[in-house]
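These numbers come from a predicted model, not from an experiment. Residue numbering restarts at 1 for every chain, and letters A, B, ... go by the order of the sequence lines.
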2 protein chains.
Amino acid sequence: MAARVDHEERRTQIAEALLRIADTQGLQSASMRAVAAEAGVSLRLVQYYFTTKEALLLDALARLQSQLQGRMNAWIAAAGAPPTPRSVVTAILSCIVPTDAESSRIARTYNGYYTLVLNDPDVLEKHGAAQPAVLEGFLARQIRAAQQTGEVAADKDPELITAGLLAMVNGLGSSVLGGQRSGEDALAILRYYLDTTLFT
Amino acid sequence: MAARVDHEERRTQIAEALLRIADTQGLQSASMRAVAAEAGVSLRLVQYYFTTKEALLLDALARLQSQLQGRMNAWIAAAGAPPTPRSVVTAILSCIVPTDAESSRIARTYNGYYTLVLNDPDVLEKHGAAQPAVLEGFLARQIRAAQQTGEVAADKDPELITAGLLAMVNGLGSSVLGGQRSGEDALAILRYYLDTTLFT
DNA sequence: CATGTCGTGATACACATGTATCATGACAGT
DNA sequence: ACTGTCATGATACATGTGTATCACGACATG
């Protein structure tokens, strides 16, 4: 009944089913059985390819991160060539705000994972949690570069600026997910800060 | 065995047990049984005084909100008399950042409720969800007042400014809860924005 | 004194969840 | 052709959850 099968393909199929559920019903609803049904396989298979639920969650998270990375690269590229520090910073921060289906999906799902971590700090700890710090460092370097080209005033503190902006983007995303604001409104707020308080 | 009892007192006792659990173990861990144990009563009593779990959650949320309100008032008062728009805005935003035990508790618990709402939009809907909008309006008025006293540049948009700041405070709070930053660092970032990009 | 409502306990129910077990057909290597 | 590993299914198990039911003692009111 079952020939040798491409494990990676099956794992992808199942992990993406989880991400789909996390998008439409929330990560909390992504039970093993729900994932199995969504992927069109039996519960046993989900166990077979990912032994434990934690392993499945970690694998799906890795895929989610690479999706976000891809989106960022696409937005940087779409911001025009050659990229300037200003266009790069604007693109990265803007592409996080949930304005279209993809960014909403990513934001929703990331939020679900964040909740998981908050309620069970160690479970997902083996996953490089330094991700936000990396992004923060990268943005800070862009700001520094912008200071040298005169796009940003020299007396601004790049670390504090980027930390604040990332927190703001994060908070804006939450407000959009909570339905308090539209994605466009959130983007307008971000752009306002970038254009009036950061760049000259 | 049981004389007539002060219902409000018992309800307080139970609701605060829930908030205590939400603080120490996360709102997800606040099952009816856990709340009963924490409050030192039987499961039946939790049902008796709050029929359904949803009712208990709503009641506890109302108490949490009034606690935050009290904290805001205290911080405004502590900022010095007479209050200026600048001191009021700074106090309100600062007292939300999780720097001490109380603000951490409040932030953690609010975050739990926020997650609930995201995963089940209607369940808590009957609770006036307009709370954030109210705060936003209040802060925007303070900014406007600050513009007339010259504390804030006249060309700034009060609505966009306050929306961005609230989102930032929210995001900073998340980062502190997630352990990416200390409360003091978060507060420093907020103060930096207030002092260098908002107030003259 | 009788009676009914109040406060409380013990326990049952129905369901969902993650994980474990057992069985079995298919294919590969010998 | 035989045998063992692979892929898969069906099902069981232990646990936790919100809610419901039944019982019973205490007190207030008539």
- [ ] Look at His7(A) and dC6(D) and indicate whether a side-chain polar atom (N or O) is within less than 4.0 Å of OP1 or OP2.
- [x] no

Open item on the list: Salt bridge or not between Glu38(A) and Arg33(A)? Use side-chain N to carboxylate O under 4.0 Å.
Closed with: no

Task: Rounded distance in Å - CG (Leu43(B)) to P (dC13(C)) - done: 16 Å

TODO: State whether a side-chain donor-acceptor pair under 3.5 Å links Thr12(A) with Arg63(A).
DONE: yes

Task: 5′-ward residue of the pair Lys53(A)/Leu45(B) relative to DNA chain C - done: Leu45(B)

TODO: Decide yes or no, distance alone: a donor-acceptor N/O pair under 3.5 angstrom between the base of dG18(C) and the side-chain of Arg33(A).
DONE: yes

TODO: Give Phe50(B) one of three labels, base, sugar-phosphate or nothing, depending on what nucleic acid heavy atoms sit under 4.0 Å from its own.
DONE: nothing

- [ ] Give a yes/no answer on whether the side chain of Ser42(B) brings an N or O atom under 4.0 Å of OP1 or OP2 in dG9(C).
- [x] yes

- [ ] Provide, to the nearest angstrom, the distance between the CD atom belonging to Gln28(B) and the C1' atom belonging to dG18(D).
- [x] 15 Å

Task: Nucleotide of dA7(D), dT19(C), dA12(C) approaching Tyr49(A) most closely (side-chain heavy atoms) - done: dA7(D)

TODO: Using whole Å, report how far CE of Met32(B) lies from P of dA20(D).
DONE: 12 Å

Task: Nucleotide of dT8(D), dG18(C), dC6(C) approaching Tyr48(B) most closely (side-chain heavy atoms) - done: dC6(C)

- [ ] Indicate yes or no: does Arg144(A) engage Glu159(A) in a salt bridge with an N to O separation below 4.0 Å.
- [x] yes

TODO: Please state whether the phosphate of dT17(C), meaning OP1 or OP2, lies under 4.0 angstrom from any side-chain nitrogen or oxygen of Ser31(A).
DONE: yes

TODO: Go through the steps for Gln13(B) and Arg10(B) under the test side-chain hydrogen bond (donor to acceptor under 3.5 Å, both in side chains), then give the verdict.
DONE: CA-CA 5 Å; Gln13(B) 174 191 2; Arg10(B) 275 254 187 286; 3.3 Å; yes

Task: Residue met sooner reading DNA chain C from 5', once Arg10(B) and Gln47(B) are mapped to nucleotides - done: Arg10(B)

Open item on the list: Can you measure Asp6(A) atom CG to dC6(D) atom C1' for me and round it to whole angstrom units?
Closed with: 14 Å

- [ ] Please determine if a side-chain N or O atom of Thr52(A) lies less than 4.0 Å away from the OP1 or OP2 oxygen of dG18(C).
- [x] no

Task: Nearest-angstrom distance from the residue atom CG of Leu56(B) to C1' of dT17(D) - done: 14 Å

TODO: Go through dC22(C), dA7(D), dA10(C) for me and flag the one nearest to the Arg44(B) side chain.
DONE: dA10(C)

Open item on the list: Side chains of Thr149(B) and Arg86(B): any donor to acceptor distance under 3.5 Å?
Closed with: no

